[in-house]
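Let me begin by presenting the structure, written as structure tokens, before commenting on it.
First the proteins, then the strands, lettered A, B, ... as listed; each starts at 1.
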Amino acid sequence: MAVITINRDSYSMGKVIAEGLASELGYKCIGDEVFAATSKGFGIAETKIRSALEDAPTFWGIPLTTRSKLISCYQSTLARLLLDDNVVYYGPAGHLLIQGVSHVLKVYLQSDIEARVQLKAKTEDITGGKALKKLLKEDKGHSKLTSFLYGINGNEEGLCDMVINTGKAGMKDVIRTISVQALSKRYRTTTYSVNCLKNIELSFRVRAALIDVDRDVSVRAASGSVFIHARATEGKRQKLVDTVRNAAKSIRDVANVEVIITEDIFERYAETYR
Amino acid sequence: MGNAYEVLVVDDEPIVGKQLKAALSKGAFNVETYVVPAEALKRIDEKEFDVVVTDIRMDNVDGIEVLERAMRKSSRTKVIMITGFAMMELARHAMEKGAFDFLSKPFTPDDMRAAIGKAVAQI
């Protein structure tokens with residue numbers, strides 16, 4: 001019927017609510033499984049994938065190309081798992097990784113800072129003051145990460161279909177409110193929305209494979225046809241087209257490949273001065 | 001055809017109706033196609049169809065109007081919306097209004113056959 005993504009401020013009871021919701025609706029609940037499935041599917045260590053999605057960028061941290069590749073692998077895996085339908089996902093950035101799919105209900109859970117501090121202090125057995133300090137630092141890191149990876153500066157909840165304050169409503173009410181929405185006609189699965197998910201799965205699988213060729217490559221898939229956009233100087237254009245086309249053609253489910261190259265003016269000027 | 005399902009297709013692009021008729025002719029379907037939405041609405045008022053396939057954006061008549069009219073005639077009619085301007089919000093709106101399925105154009109004959117198959121299975 002629908003897919004629900006739960007995104008939240010830390011210590012807003014996201015995982016507990018996701019599990020309660022899945023149990024109420026008889027849906028599958030996934031979170032950490034996506035890291036494991038990505039690791040298995042792409043042969044990459046789970047810790048690296050987790051780090052790419054969760055660690056704030058630092059000067060000595062994961063290089064951008066590597067991070068983009070790992071996130072593309074995760075994104076493709078997530079889309080594949082969501083194709084099973086009747087799923088509640090509570091892992092990182094569901095509302096940012098899966099966009100434009102009409103049967104995906106995106107929920108954002110908020111909680112007052114006092115309630116979050118209380119829960120963190122209890123969970124980690126620390127004082128309220130320490131918990132507050134740590135929470136603020138974590139929130140800052142999260143904002144830095146979403147801004148760096150997805151270009152989102154605040155107002156993440158604006159990208160969601162529902163925003164709920166878990167501090168103001170009881171757990172049962174939160175679950176009931178989300179369930180009612182998820183079961184409404186508005187979020188029913190359609191042929192179009194399933195195809196959108198399939199296209200996301202293929203787009204990011206192809207992107208992950210091509211990112212080593214061009215860090216800025218963007219890929220859009222539509223029913224097996226892939227449209228690849230990359231940058232190159234005039235002199236390197238044909239070689240890049242051939243490399244990208246051959247690499248993409250060998251990927252499962254790719255039927256047609258169209259490569260669009262725009263001129264890399266920065267590289268051209270750099271070449272002038274070499 | 002005795003037990004054939006009755007299907008009405010309305011799209012102001014004649015090629016769509018023509019291709020759908022060809023794609024469905026091998027199955028147990030009686031397909032009527034219309035390029036003028038007003039004529040399709042008139043026919044919907046006259047006859048109860050099992051499945052109505054309608055484009056959303058057409059001159060003068062909106063696909064949502066076709067959907068509402070078909071459902072007013074019979075609540076068992078399944079309406080499948082098609083559009084070349086598919087967007088998430090439009091799909092949600094159509095489903096909210098009671099559409100059975102939503103497809104973006106161009107679609108494959110297999111996608112449409114599958115959608116109609118699911119629709120008639122629920123009648």
Side-chain angles (χ1 to χ4, degrees), chain A residues 1-5 7 79 82-83 85-86 94-108 158-162 178-203 220-227 253-256 258, chain B residues 7 9 11 16 19-20 23-24 51-57 63-64 67-68 70-72 75-122:
Chain A
M1 285 292 290
V3 165
I4 305 166
T5 64
N7 315 287
L82 297 187
L83 275 166
D85 218 3
N86 297 353
H95 58 315
L96 302 170
L97 297 173
I98 304 292
Q99 293 191 29
V101 182
S102 61
H103 71 277
V104 175
L105 168 64
K106 290 176 273 187
V107 181
Y108 199 97
L159 297 168
C160 294
D161 303 299
M162 290 178 87
I178 301 171
S179 300
V180 168
Q181 275 299 308
L183 294 174
S184 71
K185 289 178 183 172
R186 189 172 163 78
Y187 296 102
R188 278 192 186 162
T189 307
T190 68
T191 301
Y192 165 65
S193 61
V194 169
N195 285 339
C196 285
L197 261 185
K198 284 182 184 169
N199 291 338
I200 292 173
E201 189 276 326
L202 183 58
S203 298
R220 185 175 65 82
S223 309
S225 293
V226 291
F227 303 87
D253 303 325
V254 172
N256 304 299
E258 193 169 318
Chain B
V7 179
V9 178
D11 194 313
V16 176
Q19 284 180 342
L20 273 180
L24 296 172
V51 179
V52 168
V53 178
T54 177
D55 188 14
I56 293 184
R57 204 182 274 194
I64 298 291
L67 164 80
E68 287 171 342
M71 293 186 70
R72 207 180 311 146
S75 58
R76 61 181 281 285
T77 301
K78 307 289 181 211
V79 182
I80 297 172
M81 315 292 286
I82 54 176
T83 182
F85 304 91
M87 279 185 297
M88 181 176 78
E89 211 37 56
L90 187 59
R92 286 179 172 176
H93 179 63
M95 296 309 284
E96 202 166 28
K97 287 281 180 186
F100 177 78
D101 202 351
F102 183 98
L103 280 85
S104 65
K105 288 197 278 186
F107 46 79
T108 64
D110 282 348
D111 272 347
M112 182 52 85
R113 268 194 291 262
I116 293 182
K118 270 189 237 165
V120 297
Q122 288 192 21

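- Annotation: B/Arg57, atom CZ; neighbour count of heavy atoms from other residues, nucleotides and ligands within 6.0 Å does not exceed 12.
- Residues satisfying the side chain to side chain contact (heavy atoms under 4.5 Å, CB included) test with B/Met112, not counting sequence neighbours, are B/Leu20, B/Val53, B/Ile80, B/Ile82, B/Leu103, B/Phe107, B/Ile116.
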Which donor-acceptor pairs lie under 3.5 Å between chain B and chain A?
unit_1: B/Glu89; atom_1: OE1; unit_2: A/Arg186; atom_2: NH2; d: 3.4
unit_1: B/Glu89; atom_1: OE2; unit_2: A/Arg186; atom_2: NH1; d: 3.3
unit_1: B/Glu89; atom_1: OE2; unit_2: A/Arg186; atom_2: NH2; d: 2.6
unit_1: B/Arg92; atom_1: NE; unit_2: A/Ser102; atom_2: O; d: 2.9
unit_1: B/Arg92; atom_1: NH1; unit_2: A/Asp161; atom_2: OD1; d: 2.7
unit_1: B/Arg92; atom_1: NH2; unit_2: A/Val104; atom_2: O; d: 2.8
unit_1: B/Arg92; atom_1: NH2; unit_2: A/Asp161; atom_2: OD2; d: 3.3
unit_1: B/Glu96; atom_1: OE1; unit_2: A/Arg186; atom_2: NH1; d: 3.3
unit_1: B/Asp101; atom_1: OD1; unit_2: A/Thr191; atom_2: N; d: 2.8
unit_1: B/Asp101; atom_1: OD1; unit_2: A/Thr191; atom_2: OG1; d: 3.4
unit_1: B/Asp101; atom_1: OD2; unit_2: A/Thr191; atom_2: OG1; d: 2.5
unit_1: B/Phe102; atom_1: O; unit_2: A/Tyr192; atom_2: N; d: 3.0
unit_1: B/Asp111; atom_1: OD2; unit_2: A/Asn195; atom_2: ND2; d: 3.3

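- With a 4.5 Å cut-off on non-hydrogen atoms, A/Val194 does not touch chain B at all.
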